Amino acid sequence: MVKYEYEPGACKLLHYNGLWSVQYEGVSGHFKKVKMVCPCIKDDCDKDCEVFKSLPDIKAVDEEWHMRDEL
């Protein structure tokens, strides 16, 4: 199952603090972060994104309720 979350944080490339889209895959209790899905992403720069790095690998179950099925 694929879900999306908007995570707060600073984009060093754009010097902008805001909400950034993150894709998670898995099932309830085990949603794992996969990639950033922001419109500004190019050349896999999301792998160096501070927001992406700061997120836990697995989404906490009590935080799953606000994840979205679509962007």
Side-chain angles (χ1 to χ4, degrees):
M1 185 179 337
V2 176
K3 296 269 189 177
Y4 300 94
E5 181 69 282
Y6 289 91
E7 297 287 347
C11 175
K12 289 187 174 182
L13 181 65
L14 299 177
H15 306 286
Y16 176 73
N17 194 26
L19 292 175
W20 307 101
S21 304
V22 182
Q23 180 179 324
Y24 291 86
E25 291 183 7
V27 294
S28 185
H30 196 76
F31 277 106
K32 186 172 183 175
K33 68 180 180 182
V34 177
K35 63 182 179 179
M36 301 293 287
V37 286
C38 304
C40 59
I41 301 271
K42 29 184 152 162
D43 300 327
D44 291 327
C45 68
D46 61 324
K47 302 304 178 207
D48 295 324
C49 175
E50 293 299 323
V51 175
F52 189 76
K53 288 178 181 178
S54 69
L55 297 173
D57 287 334
I58 304 295
K59 189 77 169 172
V61 176
D62 62 342
E63 295 178 5
E64 290 179 6
W65 64 271
H66 51 80
M67 295 173 73
R68 300 174 183 221
D69 293 330
E70 299 179 359
L71 280 175

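This is a predicted model, so every value here is computed, not measured. For reference, positions follow the sequence shown, starting with 1.
Lys59 meets the salt bridge (charged side-chain N to carboxylate O under 4.0 Å, His left out) test with Glu5, Glu7, Glu63; sequence neighbours excluded. Evaluation of the salt bridge (charged side-chain N to carboxylate O under 4.0 Å, His left out) rule for Asp62 yields no partner, not counting sequence neighbours. Partners of Asp57 under the salt bridge (charged side-chain N to carboxylate O under 4.0 Å, His left out) rule, at least two apart in sequence or in another chain, are Lys33. With sequence neighbours excluded, the residues that form a side-chain hydrogen bond (donor to acceptor under 3.5 Å, both in side chains) with Asp69 are Lys3.
Leu19 belongs to a hydrophobic cluster whose other members, connected by ILVMFWY side-chain contacts under 4.5 Å either directly or through intermediates, are Val2, Tyr4, Tyr6, Val37, Leu71. Hydrophobic cluster membership of Val61, counting Ile, Leu, Val, Met, Phe, Trp and Tyr whose side-chain heavy atoms lie under 4.5 Å apart directly or via other members: none, as it forms a cluster of its own.
Listed here is the closest heavy atom pair of Gly29 and Glu64: N-OE2, 2.7 Å.
For the pair Met67 and Tyr24, the minimum side-chain heavy-atom distance is below 4.5 Å.
Between the Trp20 side chain and the Val51 main chain, no donor and acceptor come within less than 3.5 Å of each other.
In Lys32, the NZ atom is not crowded: 12 or fewer heavy atoms of neighbouring residues, nucleotides or ligands sit closer than 6.0 Å.
The CZ atom of Phe52 sits 11.0 Å away from the SG atom of Cys38 when rounded to the nearest 0.5 Å.
Cluster annotation: Val34 and Leu55 are assigned to distinct hydrophobic clusters (Ile/Leu/Val/Met/Phe/Trp/Tyr, side-chain heavy-atom contacts under 4.5 Å, transitive).
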